[in-house]
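Everything below concerns the one structure shown next.
Within every chain, numbering begins at 1; the chains are lettered A, B, ... in the order of the sequence lines, protein sequences first and strands thereafter. Here the structure is a predicted model, which is why all the values come from computation and not from measurement.
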Amino acid sequence: MKRVDLEIVGVGGQGILTSSQVLGAAALEKDLDVYMSEVHGMAQRGGVVVTTVKIGEEVYSPLIGKGDADVILGFEPIETYRAIEQASKKTWIVTNTQPMVPFTVSVGNEEYPSVDDKILPSLEASTDRLLGLDAEKLAKEAGAAITQNIVMLGALTATDVLPLSKDEMIQAVENQVPEKFVDLNLKAFDKGFDRTKELIESK
Amino acid sequence: MYQMKELLIDDAGRKELLLGNEAIVRGALEAGIGHGSTYPGTPSSEIGNTFEEIAKDYGMYFEYSANEKVAMETAAAAAVSGVRSMAWMKHVGVNVASDALMTLMYAGTRAGMVIVAAGDPSMHSSQNEQDNRFYSLLGNIPMLEPTTPHEAKEMTKYAFDLSEKLELPVLVRTTTRVNHARGVVTFDDLEEPDDQGHFEKDPARFVSVPQNARKNHPRLLERMEKAEPISEESQFTKVIEEDDPELHVISSGAGFNYIQEAKEEYDLPISILKLGMTNPLPIERVKDYIEEAERVLVVEELEPFLEEKVKALAKEVNPDLDIYGKESGHFSRLFEYNPDRIKDALADLIGFEDQAEPLSPEEYELPSRPPSLCPGCPHRGTYYSVKQALGDQEAVFSSDIGCYTLGVQDPLNTADFLLCMGSSVGAAGGFSKNTDQQVFAFLGDSTFFHSGLAPLVSGVYNDHDFVYVIMDNRTTAMTGHQPHPGTGKTGMGEPAPMLSIEELAEGAGVEFVETVDPYDIEKTTEVFERAIEHDGISVVVPKHPCALIEQGEVSWEPYQVNQEECRQCHLCTNKFGCIALVREGEKVIIDETQCVGCGQCAQICPFDAIEQGVEE
C-alpha cells in the first residue's frame, strides 16, 4: 500500500484538529500506521493552522515535502493557496471557497485577492484536480455552520484517495463526535461527500 | 472523542494514537510516577493538561507550580524523599529553573527524577529557539532525545530507571515535532504510583554549602562516568545498515525522522546511526561507526551539538573523514528541519534527484494572517483605554509573555519591549529611571504570579515610576486555560485560596492599586488617566474573564453596524481592530459568526452606530 499524505490547512478555530483526529482514529481502527503533526498554542489564536496526516503501513515522519501531498484539504481559500507548493499535478486540492478575512485586511493594511476572479481561476489553470465547495453553506444546510470541518471530511472521502472506505470514515465520525451531535455531523459529512462526487463527475 | 482517561487503561499491547505529550504522560504512568509539577508552556502544556485530568484517578500528586523553578524544586524534594517525580517545561522554562537544577545535579536524587525540556525550533510559540541540549553539558545531566511519540513514551519510562541507577535527574529533551506530533503508541503495563515518601537526612550530601559542594562535584563527575557504559549499551541507539553506503549519517531528535523517511522511501544508498542517549555520548559506538567511513553527514536540528563531537572523535580514529553538516553549509543552525531540507543536502552529497514537481500557479500577494486577540478579548479594551488615556503623550510599552503580547500588532501597537516571563516589570523600572518617557508594564495574572512579584518589590524599593497593568483574565489563557494561584483551584481540581493580586500589591507598599472591568471603556480610561498622574508605581488590574472561557458560560447576541448611522469614520477598525469588524470597501460590517456580543466596540463608536438586534 502506498502511503497517503494529507496537508490540512486553514485558520485557528475552524475545527481542523478535530477533523484530523477523526481521520487518524479511522486509520488506527484499520490497524494502519499514522503520523500527524498538529498546531497548538499561540498560532491557534486566529492564525494559520497547518496540520499533516500521513497514513500507511509504516510512516516515518510527520511532515510533507514540496509537491508530495496527495491531498490538500483547505478550509479557507487563501490558506489553500498558501500551501500550494505542497501540491503537484497528482494532488487533489479540495478547498472551501468561503473566505475568512484576516484582520490585516479588515484594518485596511493588506488586500484579500478575489476568490472567484483570481484564486480559483489560477488554481484551475495549474491543475485538473481542483475541487472547490462552499463548506460553510453546506454546513448550514446540514444544520450548523460549525460542522464545516465534517463537510470537509466528507469531501475528502469522496476523492477516494484515502485507504479508508466511506463507511469506515462515517464510523469514525460517529465514534469521535459527542453523541448528541452525531446525526448533525453525519448529515454534514454526506453534504460534503455528495457535493464533491458531483464535482468530480462534472470534470 | 478520545478520552485522556484512556491513558489509565492497564492493557499491555494496546495501541492508541497519542500526542507526544500524552505519550510522555503514559511513560511516566508506566514508571509509577508519584509527583508531577510544571508551569505551562508550549510545546509542553498538554503534559500538564493530561495530568490535571488523570492524576487523582491514578493516585499521584500533581501541581501547577507558580513557575518552573518551583516546579523543579518540588519535584527534587519528592525524588530525594523516595518518590518518583517529573518536572516538565518549555525550553525557556529551564532557564528559570536552571538555578535549582545546576546544584541539584551535585547532590543528585534517590528515586527517579525526570525533567522534560520541550524545545521549539522555528519558534512556533516561543521567543527564542535555544538548543537545550547544551544544558546537559552545562549541568552534567544525562540526556535522552526521543524522535517519535512512541519513543517519547519509552524514553520517559526508561529515564526513571536510569535516574535511579545513576542517582541523578535525567533530561528528556524534546521538540515541537515530538510533543505536538501524534503517532501510534503501544502501551506496556501500568505501574502503581509511588505513594508517600520519607526524607532520610544526609546534610553532607543535600546541604550544598561549599565544603559539601566540593565533595559533591567530583561525585557528579563519577556518576557521569558510570553513565558512559550505559550510553554505549543504550537500547535507543540503532544503526540502519546499508552495504557499502555512499554516505554515513549520524542523527538524533526529530531530524532523524526525515532522513530515515528519505532512505526508506527512495531506497537511498546511505546508512544511519541514530542516537538516543546523547549525553554522555556513546563514544565507542560513534568511533566504530565512523572509523571506516569516508563521508559522514550529521543531521540534527539547531546547533552543531553532535557535529562538534563527531569532528573531535574523527581526529582520533579517522582524520581523513569528510564531515558534513552545519559548517559545510549543508544545514543551517536556524529553524526546524523538514523533508525538503534533508533532500537538498542529499542532492548535493549523493546526487539525489527529487521527482516531485510542485505546482507554481500565478503568484499573488497573499494577506498575512498572524495570530490575534480573539473577538471579545478583554485585553483589547484595556489597550484601547490606555491609548485613550495617553492621548498624544508618548509612552513606552513594556510587554510580557502571554496572549496580551498580541497587542504588538496593528492597530493597537502596545508592545515595545519584550524578553521573557516577567521582564515587562523589571524593564519598565529601567525605562522609568533612564528616560523621561511615560512607561507601562503589561503582564497577565498567571505571569504576575510566575515572576511579577520580585520586580514589583524591587520597583517599590527603588522608587521606579510606571503604570503596572496586571491584565487579570482569571486563567493562563495562551497555553490552554490552566489554573494558577489566583483562580481558587489547584491542578488536582481541589479548591484553593484565591490569592488577591491587589492585596499582594498593597502588601508590597504600592499606594495606587485599582481594579476595573476593561469591558467598561470609559471607566477604564479614567482609571488609567489617574494612574498616569500618580508618582511611583501605580498598579491597575483590568479584570475580566478570558472571552474563550466566558463564551462557554454566557451567550450574548452579536452586534451589527447600523449602516444608516455609520459615517464610515473607521475608528473601530483603525483604532480598536476587533477581528469581527470587517471592512467591505468603505463600509464596516460585523461578522456575526465571529462577534461574541461583548459590546466593547459599541462604546467607542462616536455615532452610536453599533447596536444589538438591528436588521441591516
Where does Leu28(A) contact chain B at under 4.5 Å (heavy atoms): side chain, backbone, both or neither?
side chain
Is any side-chain heavy atom of Pro62(A) closer than 4.5 Å to one of Tyr258(B)?
yes
Between Asp340(B) and Lys66(A), is there a donor-acceptor pair closer than 3.5 Å when you use the side chain of the first and the backbone of the second?
yes
Under a 4.5 Å cut-off applied to non-hydrogen side-chain atoms, are Ser88(A) and Pro358(B) in contact?
no
Taking side-chain hydrogen bond (donor to acceptor under 3.5 Å, both in side chains) as the test, write out the residues that go with Tyr404(B), two or more places apart.
Thr447(B)
Contacting moiety of Ala25(A), where chain B heavy atoms sit under 4.5 Å:
backbone
Region of Ile55(A) that comes under 4.5 Å of a non-hydrogen atom in chain B:
neither
Let me see the working for Glu85(A) and Leu359(B) under side-chain contact (heavy atoms from CB on, under 4.5 Å), right down to the final yes or no.
CA-CA 6 Å; Glu85(A) 264 200 329; Leu359(B) 296 184; over 6 Å; no
Throw together a table of side-chain donor-acceptor distances under 3.5 angstrom for residues 156-163 of chain A, partners on residues two or more places apart or in other chains.
from      : atom 1 : to        : atom 2 : distance (Å)
Thr157(A) : OG1    : Leu153(A) : O      : 2.7
Thr159(A) : OG1    : Leu156(A) : O      : 2.6
Thr159(A) : OG1    : Val161(A) : N      : 3.4
Asp160(A) : OD2    : Lys197(A) : NZ     : 3.1

So which of Glu357(B), Glu365(B), Glu336(B) has the largest heavy-atom pair count under 4.5 angstrom toward chain A?
Glu357(B)
Donor on one side chain, acceptor on other, Ser368(B) and Glu110(A), under 3.5 Å
yes
Arg177(B), Arg182(B), His180(B) screened by side chain to side chain donor-acceptor pair (under 3.5 Å) with Glu38(A), the one that passes
Arg182(B)
Among the options Gln260(B), Glu261(B), Arg369(B), pick out the one with the most heavy-atom pairs lying under 4.5 Å from chain A.
Arg369(B)
Would you indicate whether the side-chain heavy atoms of Pro370(B) and Thr104(A) approach each other to under 4.5 Å?
yes
Given the options Pro361(B), Gly183(B), Ala356(B), which has more heavy-atom pairs under 4.5 Å with chain A than any of the others?
Pro361(B)
Can you tell me which portion of Glu76(A) sits under 4.5 Å from chain B's heavy atoms? Options are side chain, backbone, both or neither.
side chain
Does any heavy atom of chain B fall under 4.5 Å from the side chain of Lys90(A), the backbone, both, or neither of them?
neither
Portion of Ala87(A) that has a non-hydrogen atom of chain B nearer than 4.5 angstrom
both
Is it true that atom NZ of Lys166(A) has more than 12 heavy atoms of other residues, nucleotides or ligands lying nearer than 6.0 Å?
yes
Would you mind checking which part of Ile64(A) comes under 4.5 Å of any heavy atom in chain B, side chain (CB onward), backbone (N, CA, C, O), both or neither?
backbone
Taking it one step at a time, do Leu366(B) and Ile119(A) satisfy side-chain contact (heavy atoms from CB on, under 4.5 Å)?
CA-CA 10 Å; Leu366(B) 297 178; Ile119(A) 297 294; 4.2 Å; yes
With rounding to the nearest 0.5 angstrom, report the OG to CG distance, Ser37(A) to Asn338(B).
11.0 Å
Looking at Leu199(A), I want to see if its CG is surrounded by more than 12 non-hydrogen atoms of other residues, nucleotides or ligands under 6.0 Å.
yes
Consider only side-chain N and O atoms of Ser122(A) and Glu362(B), and report whether a donor and an acceptor are under 3.5 Å apart.
no
